[in-house]
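What follows is one structure encoded as structure tokens, with my remarks underneath.
Numbers restart at 1 for each chain; the letters A, B, ... are given by sequence-line order, proteins then strands. Only this structure's heavy atoms are used, side chains among them; waters, hydrogens and symmetry mates stay out.
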Number of protein chains: 2
Amino acid sequence: MKEYITIKDLADQLHLSVGTVSKAFNPKYKDISDRTRQKILEAARKMGYVPNPFAQKLLKKKTLNIGIIVPEFSHSYFSEVIFSAQEKLLENDYQTLIMSSHESSELERKNIETLVNHMVDGLIISLCNGSLNHEYINDVIESGIPIVQFNRVSKKVNSPKVEFNDYKWAVFGTEHLISQGCQNLIHLALPRHLPLGHQRILGFKKALEKHRIAHKDHQVIEAGITVQDGEEAMSRYLENHGCPDGILAAGDPLAIGAMKILKRKGIAIPEKVKVMGFTESAMALVVEPELSSISQPTDQIGHLISKFLLDQIAGIDKSNEHYLFDGKLNIRESTSCTGQ
Amino acid sequence: MKEYITIKDLADQLHLSVGTVSKAFNPKYKDISDRTRQKILEAARKMGYVPNPFAQKLLKKKTLNIGIIVPEFSHSYFSEVIFSAQEKLLENDYQTLIMSSHESSELERKNIETLVNHMVDGLIISLCNGSLNHEYINDVIESGIPIVQFNRVSKKVNSPKVEFNDYKWAVFGTEHLISQGCQNLIHLALPRHLPLGHQRILGFKKALEKHRIAHKDHQVIEAGITVQDGEEAMSRYLENHGCPDGILAAGDPLAIGAMKILKRKGIAIPEKVKVMGFTESAMALVVEPELSSISQPTDQIGHLISKFLLDQIAGIDKSNEHYLFDGKLNIRESTSCTGQ
DNA sequence: TTGTAAGCGTTATCAC
DNA sequence: GTGATAACGCTTACAA
């Protein structure tokens, strides 16, 4: 066990009282001579003094910890947002406790409980697929722990929300496909209970209507999340309805799954069918042909969720905030014949 | 700010002293009647009492915090190891503080300082590329904070080490290529100062020697880490030395970069050249042809590093441990003509 | 300008 | 069996 220098050690060394030494570290105390302050700071540096954060946390009744819960962090979207949030929080002297629910509502609940038990002053959360914890989370907020939701949010939870403008960018993505000549489009959608998936569906339909392209219900397929989900949905669709000429996937993994099946069947991308991803990941540049996708400003998202949470903690109410970020359409080979 | 129930609240409520209440929660105190203990536990449950961990940490001089520093966590290898380590540590009542050095020696140093100042009881670390912190880390250990190294370790740091058996599996990987008929092999290596990269180089050479395949120095190329590094190295090699018939890349990204260039030049994989990755990532299944690679048991790695650290904290010396994990050779299309 | 002392929520050592 | 009290390291109002 490491032995740390305490304020008392410093005080003894310098023949001062602990009170005086403590004040030296806090600029708000002007009632201390510059000379003693310098002497104390100097000695502290030399002896390697660091204040005991637990004593501070105990006294101040603030944990200076923030919990972040995400459904998974193998996907780079979440690791990027986490890194950026952590950076911002650290600047404000907050430590970050990161947990993953692994898309399990139960584990999500356990994680929240762990963090709420005195560990954190606030919580940043992206709900897992099929989360049943709305009420519990509202209780947590009620009890005095502010929460910020991002990415996968629930309207039932009364907190600031940070999302991507899924509707708008689903329109843009679809319109890009249309502009490339697609007329028989499908949308590989996320599980229906994810609101962000719903917005993408609405955006897809809106674009079709705007361009007066008739469409039927079966053109929106509730596929899932993973590469495998994409494969299965694509296979099923091909069997039942033949080949579309444009696909808007609600996520890169879905798009990649679909591409696997198409390539296996010898259907040329982008000549016969154009494919568009969503929430760009590193994989977009690895598949062949390279996948057009919509990138999200993970850096800005991380900073904003931190800011909202810090505001809430400071008593500035942001619970009605609902910020929608814009992204970028990255056109690559999978949607542009000319790009070939 | 959330208001928590304290031991004092419980004591007042039950007309008992704080001392008695405290003892009720710790089974080692037998000098308390079963009836009062039950009464206390009951009341605690009802009122939602949870002990304040900061008061405990302060008193016990144990923080029950562990720091984990990795060079990046967008790569799934690290997120998997972290998740598994966190799971094991949580079982033992330890919280995890996760930080990323983003392959920067400076940020790595700052992260270590942050964690040390937050008085973590121990540190798990995978060094960044080009880390200059050996001495500082040894000082940290010297000061009484145990450290466990994994994946990217340095011999100069005196701590338990957990690695993959890079040498052995580089031999296996290379032999697989040879068994598929390759005779003109190259190795796309990691930066030279990474010991794990060095082991893979030695393994590659060993396999060639064992099978009496002549080779020259230029067949081992210090490429880097990223997809782009792989592209550049491959381009350069093709220009200067023509096309090899087998490539062992020291990482999936390098392999994928090389494949991009080969495909662009119209060189058929696996017919003309076979490509093998290392430390399998999700990308292996996304590229085309699917990439043969060597997978690592991230779960077991996470558990073992946690165990080593907990042992060190408990005073059981493991500083001379150097565990080498074995992996699995996953053969896919990129190395098997028949698989086509 | 500096020192004193109470208190944050626990645990553990003694009395009673 | 239970209660009082000191201690962990720090901050802060108040006294000197």
- A:E106, CD: over 12 other non-hydrogen atoms inside 6.0 angstrom: no
- Query: Given D:dG9, is OP1 or OP2 found less than 4.0 Å from the side-chain N or O atoms of A:Q56?
  - Reply: no
- Can you list, by residue number, the residues of residues 3-23 of chain B that have a non-hydrogen atom closer than 4.0 angstrom to DNA chain D? B:H15, B:L16, B:S17, B:T20, B:K23
- Near-strand residues of residues 42-53 of chain B, defined as heavy-atom separation under 4.0 angstrom from DNA chain D: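 The answer is none.
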- Listed partners of A:H322 passing ring-ring contact (aromatic ring centres under 6.0 Å, His included), at least two apart: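 Result, ring-ring contact (aromatic ring centres under 6.0 Å, His included) vs A:H322: none returned.
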Which class fits the ring pair [X] and [Y]: parallel under 30°, tilted 30 to 60°, perpendicular over 60°?
{"X": "A:F73", "Y": "B:F73", "value": "parallel"}
{"X": "B:H102", "Y": "A:F83", "value": "parallel"}
{"X": "B:F54", "Y": "A:F54", "value": "parallel"}

Atom-to-atom span, [atom1] of [X] to [atom2] of [N] - whole angstrom:
{"X": "B:D31", "N": "D:dG3", "atom1": "CG", "atom2": "C1'", "result": "11 Å"}
{"X": "A:K61", "N": "D:dT12", "atom1": "NZ", "atom2": "C1'", "result": "16 Å"}
{"X": "B:N117", "N": "D:dG9", "atom1": "CG", "atom2": "C1'", "result": "15 Å"}
{"X": "A:I32", "N": "D:dT12", "atom1": "CD1", "atom2": "C1'", "result": "14 Å"}
{"X": "A:F25", "N": "D:dC10", "atom1": "CZ", "atom2": "C1'", "result": "11 Å"}

- Task: May I ask you to say what B:K28 touches in the nucleic acid, namely base, sugar-phosphate or nothing, with a heavy-atom cut-off under 4.0 Å?
- Result: sugar-phosphate
- Message: Need one value for B:F54: base, sugar-phosphate or nothing, where a base atom within 4.0 Å counts as base even if backbone is also close, heavy atoms only.
- Response: nothing
Whether [X] side chain and [Y] backbone form a donor-acceptor pair below 3.5 Å:
{"X": "B:S105", "Y": "B:L132", "answer": "yes"}
{"X": "B:Q300", "Y": "B:H303", "answer": "no"}
{"X": "B:S319", "Y": "B:N158", "answer": "no"}

- Salt bridge between B:E113 and B:R109, side-chain N to carboxylate O under 4.0 Å?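 Judged by the 4.0 Å cut-off on N to carboxylate O distance, B:E113 and B:R109 do form a salt bridge.
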- Distance-only polar pair, side chains of B:K318 and B:Y323, donor-acceptor under 3.5 Å: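 Result is no, nothing qualifies.
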- How close do A:I147 and A:P160 get, heavy atom to heavy atom, and via which atoms?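 It is O-CD, 3.3 Å.
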- Query: Of all heavy-atom pairs between B:L97 and B:L115, which one has the smallest distance, and what is that distance?
  - Reply: CB-CD2, 3.7 Å
- Query: So which one's nearest nucleotide on DNA chain C is more toward 5', A:D34 or B:N26?
  - Reply: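 The residue closer to the strand's 5' end, by nearest nucleotide, is A:D34.
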- Between which nucleotides of DNA chain C, read 5' to 3', does contact with chain B run, using atoms under 4.0 Å from its heavy atoms?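 Span of nucleotides near chain B: C:dG9 to C:dT13.
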- Which pairs with one or both residues in residues 46-60 of chain A pass side-chain hydrogen bond (donor to acceptor under 3.5 Å, both in side chains), sequence neighbours excluded?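 side-chain hydrogen bond (donor to acceptor under 3.5 Å, both in side chains) check on residues 46-60 of chain A returns no pairs.
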- Item | Residue closer to the 5' end of DNA chain D, A:K60 versus A:A55 (nearest nucleotide) |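 Its nucleotide being nearer the 5' end, the pick is A:A55.
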- Would you mind telling me which of A:V81, A:L89, A:I301 makes a side-chain contact (heavy atoms from CB on, under 4.5 Å) with A:S306? A:L89
- Looking at five pairs on each end of the helix from C:dT1-D:dA16 to C:dC16-D:dG1, what is the angle between the two axes, given to 10 degrees? 50°
